[in-house]
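Values in this document were obtained by computation on a predicted structure and should not be read as measured data.
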Amino acid sequence: MSESSISESSMSELKSSMNHILIIGNGGRECAIAYAIKRDNPDSHIYYFGNHSNPGLDLVCDAFYKYQLTMSLEENIKNLLEIYSISLVV
């Protein structure tokens, strides 16, 4: 069985396309994900969405967006996708 791998140029292209990332949630797992993304791609812009801020995420993310109760979850996320030109949602 052959092992497939991603070429270095493909990985570089993938990283450059992931400049604006939205993380849904604001707990410890999301914090670990944000730190890993920023470590591997320091030029990325990371935003997180939840019902309260997280001091750990505030250190690594560019912005926090609080869930707006007057809109549905889908409307909240759609707004963020448009405002920040999100290329990846985690």
Side-chain angles (χ1 to χ4, degrees):
M1 179 177 260
S2 67
E3 184 177 313
S4 65
S5 63
I6 299 174
S7 70
E8 193 171 311
S9 63
S10 295
M11 185 58 83
S12 177
E13 187 178 314
L14 179 63
K15 282 184 178 181
S16 68
S17 71
M18 295 189 325
N19 285 335
H20 295 274
I21 301 165
L22 174 64
I23 296 176
I24 299 176
N26 50 3
R29 281 182 292 246
E30 291 80 16
C31 196
I33 290 168
Y35 274 88
I37 291 170
K38 200 61 148 176
R39 179 196 64 218
D40 294 345
N41 192 4
D43 296 330
S44 63
H45 299 282
I46 304 172
Y47 313 95
Y48 74 103
F49 169 73
N51 55 5
H52 63 276
S53 66
N54 175 317
L57 282 167
D58 290 340
L59 292 174
V60 71
C61 294
D62 295 284
F64 162 64
Y65 186 80
K66 185 174 173 109
Y67 181 81
Q68 302 297 314
L69 296 175
T70 57
M71 295 188 293
S72 70
L73 177 63
E74 292 82 10
E75 289 173 315
N76 274 274
I77 293 171
K78 182 180 175 189
N79 283 345
L80 289 171
L81 296 177
E82 293 171 1
I83 292 168
Y84 296 115
S85 300
I86 300 296
S87 55
L88 176 69
V89 178
V90 180

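Atom CG in N76 sits 4.0 Å away from atom CE in M71 (nearest 0.5 Å). Put simply, NZ on K66 and CG on N26 are 9.5 Å apart, with the number rounded to the nearest 0.5 Å. In this structure, CD1 in I77 is found 10.5 Å from CD1 in I86, a value given to the nearest 0.5 Å. If you take CG on L22 and OG on S87, they are separated by 10.0 Å, rounding to the nearest 0.5 Å.
Within the 3.5 Å criterion, the main-chain N or O of G27 finds a donor-acceptor partner in the side chain of E30. Between the N51 side chain and the Y67 main chain, no donor and acceptor come within less than 3.5 Å of each other.
Cluster membership check: I37 does not share its hydrophobic cluster with L81, using side-chain heavy-atom separations under 4.5 Å among Ile, Leu, Val, Met, Phe, Trp and Tyr. I21 and V89 fall into different hydrophobic clusters, where Ile, Leu, Val, Met, Phe, Trp and Tyr residues are linked whenever their side-chain heavy atoms come under 4.5 Å apart, directly or through other members. A chain of hydrophobic side-chain contacts below 4.5 Å, direct or via other Ile, Leu, Val, Met, Phe, Trp or Tyr residues, connects L88 to F64. L73 and V90 sit in two unconnected hydrophobic clusters of ILVMFWY residues. Membership requires side-chain heavy atoms under 4.5 Å apart, directly or through other members. A single hydrophobic cluster is seen to contain both L80 and L69, as judged by linkage of ILVMFWY side chains at heavy-atom distances under 4.5 Å, directly or through other members.
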N/O donor-acceptor pairs under 3.5 Å from side chains in residues 43-50, not counting sequence neighbours:
from, atom 1, to, atom 2, distance (Å)
S44, OG, N41, O, 2.8
Y47, OH, H20, ND1, 3.1
Y48, OH, N54, N, 2.8
Y48, OH, N54, O, 3.4
Y48, OH, D58, OD1, 2.5

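If you chain together ILVMFWY residues whose side-chain heavy atoms come under 4.5 Å of each other, Y35 ends up grouped with L59, V60.
Here the closest heavy-atom approach between residue G56 and residue C31 is recorded as C-SG, 3.8 Å.
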